[in-house]
Amino acid sequence: MTGAAAENATRAGVPVAGQRRRLCLRSVRGAVGKGRDFTRRTLRDWGWDGHESAEDALLVVSELVTNAALHAGGCHELVLTAGEALRIDVLDGAPAPPRPRAGRRPGVPGGHGLHIVQRLSDRWGSYTHGAGKGVWAEIEGSRLSGGRRDPRWPAADGHLG
């Protein structure tokens, strides 16, 4: 798709396959909030906002950025890619692959992040990247463009649910 066609498709609320947006979060205060805001704007631009799964995507971003900040030498970058699915990549500074904590207990804080990512995404994993790694999750585009509207997101006309 040409640049003008891609821009028109995006304006129409149709994500362009392979379109990618990056947010540098290295040494940024409030990285989780900035990552959520960036993701919310991107989902809105791509027409993938307003449905229950958009909230799932925001929570996945929050969990991955938080894990990178707390357990992996800091979050370096958030990358969102459109395709058949929304792909969320969070790059960090530690090469060790993430592992869901065994023995987590309901009601006890901590250790739930990767379990949440596992439950809300269709696929997830990790890969080495430079001196660190990337942790990725995917949410099918069909989940983001269909289903029940979430009343917390404004509709295309700007009115809530």
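Just the heavy atoms: all of them, side chains too, but no hydrogens, waters or symmetry mates, feed the values below. The first residue in the sequence is number 1, and the count goes up from there.
- Heavy atoms only, all atoms of each residue included: W124 and P98 are closest at CZ3-CG, 3.9 Å.
- No more than 12 heavy atoms of other residues, nucleotides or ligands sit less than 6.0 Å from atom CZ of R119.
- Scored by the side-chain hydrogen bond (donor to acceptor under 3.5 Å, both in side chains) test, R41 finds no partners at all (sequence neighbours excluded).
- In the hydrophobic clustering of this structure, L144 groups with W46; members are Ile, Leu, Val, Met, Phe, Trp, Tyr whose side-chain heavy atoms approach within less than 4.5 Å, directly or through other members.
- Counted within 6.0 Å of CD on E84, heavy atoms from surrounding residues, nucleotides or ligands total 12 or fewer; the atom is thus considered open.
- Closest approach of D92 and A68 over heavy atoms only: CB-CB, 3.7 Å.
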Derivation of the salt bridge (charged side-chain N to carboxylate O under 4.0 Å, His left out) call for K34 and D37: CA-CA 5 Å; K34 286 180 175 37; D37 291 345; over 6 Å; no
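- Closest approach of E138 to A85, counting heavy atoms only: CB-CB, 4.2 Å.
- The cluster map of Ile, Leu, Val, Met, Phe, Trp and Tyr, joined by side-chain heavy atoms under 4.5 Å apart, puts L91 and V61 in different clusters.
- Hydrophobic cluster membership is shared by L59 and L43, with clusters built from Ile, Leu, Val, Met, Phe, Trp and Tyr side chains linked at under 4.5 angstrom.
- Of the residues V60, V79, V65, the one that meets the side-chain contact (heavy atoms from CB on, under 4.5 Å) test with I88 is V60.
- Following chains of ILVMFWY side-chain contacts shorter than 4.5 Å, one can reach L120 starting from L64, so the two form part of one hydrophobic cluster.
- Taking all atoms of both residues into account, the shortest heavy-atom contact from E63 to G113 is OE1-CA, 3.1 Å.
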